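See structure below.
Remember, predicted model here, so these are calculated numbers, not experimental data.
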Amino acid sequence: MVDESGNEFNENQEVEQAYQHLIDTYLGTNHRKKVELINKAFNFARQAHKGVRRHSGEPYIMHPIAVAQIACEEIGLGSTSICSALLHDVVEDTDYTVEDIRNIFGDKIALIVDGLTKISGGIFGVHASAQAENFKKLLLTMSEDIRVILIKIADRLHNMRTLGSMIPSKQYKIAGETLYIYAPLAHRLGLNKIKTELEDLSFRYEHPEEYKEIQNKLEHTREERDNVFDEFTTPIRKRLDKLGFNYEIKERVKSPYSIWNKMQTKHVTFEEIYDILAVRIIFTPKDPSTELTDCFNIYVQLSQIYKAHPERLRDWLNHPKANGYQALHVTLMSHKGEWIEVQIRSNRMHEIAEQGFAAHWKYKEKTGLEDDGERELEKWMRTIKEILDDPQPNALDFLETIKLNLYAQEIFVFTPKGELKTMPQNSTVLDFAFSIHTFLGSHCIGAKVNHKLVPISHRLQSGDQIEILTSNSQHVQQNWIDYVATAKAKGKILAILRREQREQQKAGEEVLTHFFEKHDLVFDLNDVDKLVEYHQLKSREELLQCIGKKEIEIGENDANIIRRKSGNSKTWLRFLPFRKKKKDIEIDSAEKTVEKIDLKKTIQLNEETLKSTYTIAECCHPIPGDDVLGFVDENNHIIIHKRQCAVASRLKASFGPRILAAKWDTHKQLFFPVSLNIKGTDRIGLLNEVTEIVSRKFDVNIRKLAIEVREGIFEGEIQLYVHDVDDVQTIIKNLKNVKNLQSVSRMN
């Protein structure tokens, strides 16, 4: 009894200390001090969650306090958000209602808590319809009050920080969902620091060995980096001190996830990444009105010390990024021959870079000025609302459409009248047309870019001036989807195509009904399916559409096909083209049977199970040694994917309850296919040396070899059969010793 009392006393002390830390942080901000309201919310939440514990074993109230701490300290939100964060799980987990919250705390807090309750338990559920619906709720509520998504991001950040108490399959599900949606959302809202931490935490749980290896390498190279930083910044400090600038210089080290991601996409090693170190100069302007001028003055001083890269100057001062980011980036050549990026920003710009739009509002309140970042946020929200007006019926397509713009870099282009427009990188003429007006986009036939005629697929560059050309006879085409890079354009194109498809299907249904009546046939779904098969189509909807578009003329042959059926199926049915089909029923059934599989169990991949129980995914071809997971498909089969596989990323985010933890337990008995990409400068005998190493030295069977040489540079692909990742790494290490072979990497 003494121990229990002692534990309870210690826990109460921890809760009080955590809450006092929150209050101390809040009192240190510039927000109006409403401590009494926060106390009221804390006591209410503490009582509501009394006796409840988290997976880690700590009292549940520690979680709302931690979320409120993040909202206050790391995002910069005020009392309304702190109270909402403290109360965010009350309606979901207790008997209290939103109406109770409204009566006690008012409309604003009730609205935010209601929004957070609607999207509780993660964005995604088990069913596709629920996933899309929950994500729509999140975005709709966000458009009503941006603080909903900011608090939800704070909630997710704390869950990621405490993810170690969850089972592996849950870790993969939550980490995948975080990387797929929450990190891009944090990026889009300007929360750079939180975005980076969410990415690193996801990486840490999905690829623990790679994460640890990169962390160790960063630690081992720290002293060398610090020396480079000190040598590089010493003359800069002297120059800025002499000119009387109030500044600080910080070392920015690339995050483990960013390093790993670059290693994967560029097929390079850790040692081959040259932008791990960057330098930040953060200064206090001599006068708020000279802030931009001071940035350029500092740049001038730097360019007198070091040579600047002529193509690597990035002016985010006059044209801030869509998430509000402002800075001047320049890449300089150090005296040791290394290119180092320097980011020049004021302390205001730095705070906005770390805290995003919350910091924008703070500075707007201080200055009373209209804010570019806020206008950009409003523009983005308008785009989201337009997409929500006619969303894709498929949940994954819907998410992909929204995600298009979450991570995009920006370019700056001009209208014929010289008006500046911000567009995502890789935008095309068609994107630009839809960004101005749907009518302009849907009737676009091309454009004049810098007074030269270009097609709708032409990719725009910063500084382009664009005049859209239209024709009333032009209509949206299916292949236009391949010509756009923005969520708005893709959403509009899909909406127009679906509207046309519905009209075509309706026309097709009328023709088909008349056909059945004319030939005195019963309207039977089985008969319609026979016609689908006869015309070699995929679905009833496609049949109706083809009939409506007059691509198919149904006549006597179709009637004969139907009359050949057995006579026991003359059941009168109303023809329902969108009626639930057999496959849909199978999927629903699979959702139920998946519960029979022990999702908490880590499946072992050995010689026997790989031959009989599990299937290796064709999209990523994992081999022993790769970080993998299992996915239970609609037929209740388990498919093994690499954790970083693009398909697996969508599955983790969208079908979390079907994810299983998996581990290899093979003993170099089975062979698996793997492909290597090789590049270098051509010479006589090089290919022979490569095959000699692979075939003779390691006794590995070459499945396929394809080499192409252009102007003395060769690139090729070697497909091999290996036992595991160790084999691959050993072969790559030895191939890199071959003269003239510049790079060897495993292909995903």
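- In this structure, Lys262 fails the cation-pi test against Phe270, since its NZ or CZ atom is not both closer than 6.0 Å to the six-membered ring centre and inside 45 degrees of the ring normal.
- The pair Asp275-Lys254 meets the salt-bridge criterion, with a side-chain N (NZ, NE, NH1 or NH2) lying under 4.0 Å from an Asp/Glu carboxylate O.
- Under the 3.5 Å distance criterion, the side-chain polar atoms of Gln326 are left unmatched by any main-chain donor or acceptor of Arg345.
- Looking at Arg643 and Tyr205, their side chains never bring a donor and an acceptor atom within 3.5 Å of each other.
- In this structure, the side chains of Phe283 and Asp294 come closer than 4.5 Å at one or more pairs of heavy atoms.
- In this structure, the side chain of His31 engages the main chain of Gly76 through a donor-acceptor pair within 3.5 Å.
- Side-chain atoms of Thr428 and Asp431 form a donor-acceptor pair, as typed in the model, at a separation below 3.5 Å.
- Note that the CD1 atom of Ile466 and the OG atom of Ser427 stand 9.0 Å from one another [nearest 0.5 Å].
- Contact of the Val67 side chain with the Asp89 side chain is not registered, since no non-hydrogen atoms from C-beta on lie closer than 4.5 Å.
- Contact between Ile65 and Phe42 at its shortest, heavy atoms only, is CD1-CE1, 3.7 Å.
- Of the N and O atoms on the side chains of Arg156 and Thr178, at least one donor lies less than 3.5 Å from an acceptor on the other residue.
- Under a 4.0 Å N-O distance rule, the pair Lys652/Glu206 qualifies as a salt bridge.
- Ring geometry for His88 against His63 counts as perpendicular: the plane angle is over 60°, on a 0 to 90° scale with 30° as the lower cut.
- Asn159 has its side chain within reach of Arg54: a pair of non-hydrogen atoms, C-beta onward, lies under 4.5 Å apart.
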request  = Please lay out, stage by stage, how Lys193 and Glu197 fare under the test salt bridge (charged side-chain N to carboxylate O under 4.0 Å, His left out).
outcome  = CA-CA 6 Å; Lys193 193 175 177 184; Glu197 187 176 352; over 6 Å; no
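- Ser84 and Arg147 share no side-chain donor-acceptor pair at under 3.5 Å.
- Partners of Lys170 under the salt bridge (charged side-chain N to carboxylate O under 4.0 Å, His left out) rule, at least two apart in sequence or in another chain, do not exist in this structure.
- Here the shortest heavy-atom pairing between Glu291 and Ser346 reads OE2-OG, 2.5 Å.
- Leu302 CG to Thr233 OG1: the interatomic distance, rounded to the nearest 0.5 Å, is 11.0 Å.
- Formation of a donor-acceptor pair under 3.5 Å by the Arg459 side chain with backbone atoms of Asn426 is found in this model.
- The pair Glu219-Arg222 meets the salt-bridge criterion, since a charged nitrogen lies less than 4.0 angstrom from a carboxylate oxygen.
- Annotation for Ser334 and Phe232: closest pair CB-CD1, 3.8 Å, computed over non-hydrogen atoms.
- Between the side chains of Glu73 and Thr25, not a single donor N or O lies within less than 3.5 Å of an accepting N or O.
- The backbone N or O of Leu651 lies less than 3.5 Å from no partner atom in the side chain of Tyr180, so there is not a single donor-acceptor pair.
- Judged purely by atom type and a 3.5 angstrom limit, Tyr182 has no side-chain atom pairing as donor or acceptor with the backbone of Leu157.
- If you take CD1 on Ile281 and CD1 on Ile344, they are separated by 5.5 Å, rounding to the nearest 0.5 Å.
- In this structure, the side chains of Ser56 and Thr162 stay at 4.5 Å or more apart for every pair of heavy atoms.
- Put simply, the side chain of Glu92 does not reach to within 4.5 Å of the side chain of Leu116, judged on heavy atoms.
- What you find for Ser435 and Met423 is that their closest heavy atoms are OG-SD, 3.8 Å.
- Remark: Gln465 CD to Lys421 NZ distance equals 13.5 Å, nearest 0.5 Å.
- Side-chain N/O atoms of Asn297 and Gln301 include no donor and acceptor closer than 3.5 Å.
- Legend: residues meeting side chain to side chain donor-acceptor pair (under 3.5 Å) with Tyr211, ordered by chain and number and at least two apart, are Gln215.
- Under 3.5 Å, the side chains of Ser258 and Ser255 contain a donor-acceptor pair of N or O atoms.
- Nearest heavy atom pair, residue Tyr26 against residue Ser79, reads OH-CB, 3.5 Å.
- Between Tyr257 and Phe203, the angle of the ring planes goes over 60°, which puts this pair in the perpendicular group of the 30/60° scheme.
- Side-chain N or O atoms of Gln343 include none that pairs as donor or acceptor with a backbone N or O of Arg280 at under 3.5 Å.
- Side-chain contact between Leu494 and Ile481 is present, with at least one heavy-atom pair separated by less than 4.5 Å.
- Looking only at side-chain heavy atoms (C-beta outward), Leu292 and Met349 come within less than 4.5 Å of each other.
- When atom types are taken as modelled, the side chain of Thr438 and the backbone of Phe434 share no donor-acceptor pair closer than 3.5 angstrom.
- With respect to Glu74 and Arg161, a salt bridge is recorded, a charged nitrogen being found less than 4.0 Å from a carboxylate O.
- Contact between Val113 and Ile101 at its shortest, heavy atoms only, is CG2-CG2, 4.3 Å.
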